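Input: a single structure, listed below in structure tokens.
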Amino acid sequence: MVGFESAVAAVVAALGPGEVASYGEVAAEAGYPGAARAVGNFLRRTTEPVPWWRVVAASGRLAPGAAAEQRRRLEAEGVVFTESGRVAPRATPTARGDRWPTASGN
DNA sequence: CCCCTGACTAGAA
DNA sequence: TTTCTAGCCAGGG
């Protein structure tokens, strides 16, 4: 199996503009189901050119420490936010190919 | 091998 | 809505 970090980096790098995945989704997709915390820990300390802002908590919460920047980047890609400052679960006015804790194909 | 940290998650208060 | 608790996992000391 590939290294944990490499696998995670690959999955995150595979996310396209407007696509949002949860830490748990990324972990599972990388081949480490349940390692959501490890994913977050990796994304916070990595310097690799991965779109970390496209990875949020399963509840739609943003990263504590870069929430402002993360939200700004996501909105720039068309991601809709709630009044609570959380990512819209799925239904969006423009309804498009978002990604959420459900599908994992691709 | 043991212990601790953390951008997690689900559920209970 | 927010805060806490317990469970999970990979990494590092």
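Chain A is the first sequence line, chain B the second, and so forth, proteins listed ahead of strands; every chain is numbered from 1. Since we're looking at a predicted model, the values are computed, not measured.
Under a 3.5 Å cut-off, the side chain of Gln70(A) and the backbone N or O of Ala63(A) do form a donor-acceptor pair.
Nucleotides of DNA chain C with any atom under 4.0 Å from a heavy atom of chain A span, from 5' to 3', dT1(C) to dG11(C).
Along DNA chain C, the nucleotide closest to Gly34(A) and the one closest to Arg86(A) are compared, and the more 5′ of them pairs with Arg86(A).
Per the geometry, CZ belonging to Arg73(A) stands 18 Å off P belonging to dA7(B), to the nearest Å. dT9(B) atom P lies 12 Å from atom CG of Leu62(A), rounded to whole Å. As rounded to whole Å, 14 Å separates atom P of dC4(B) from atom CZ of Arg37(A). Counting to the nearest Å, the P atom of dT9(B) and the CG atom of Asn41(A) are 14 Å from each other. Summarising the geometry, the separation between CG on Leu43(A) and P on dA7(B) is reported as 11 Å, rounded to the nearest angstrom.
Heavy atoms of Gly65(A) sit nowhere under 4.0 angstrom from any nucleic acid atom. The residue Ala38(A) sits close to a base: some heavy atom pair falls under 4.0 Å. If you check every strand for non-hydrogen atoms under 4.0 Å, Phe4(A) touches sugar and phosphate atoms only. Ala63(A) comes within contact range of at least one nucleobase, with a heavy-atom separation under 4.0 Å.
Counting all heavy atoms, side chain and backbone alike, Val55(A) lies closest to Ser22(A) at CG1-C, 4.1 Å. Heavy-atom minimum distance, Glu48(A) versus Phe42(A): OE2-CZ, 3.8 Å. Residues Leu15(A) and Pro51(A) share a closest heavy-atom pair of O-CG, 4.3 Å. The minimum heavy-atom distance linking Arg54(A) with Glu77(A) is given by the pair NH2-OE2, 2.7 Å.
Applying the ring pair (Phe, Tyr, Trp, His ring centres under 6.0 Å) test to pairs two or more places apart or on separate chains, those with a residue in residues 3-24 of chain A are Phe4(A)-Tyr32(A).
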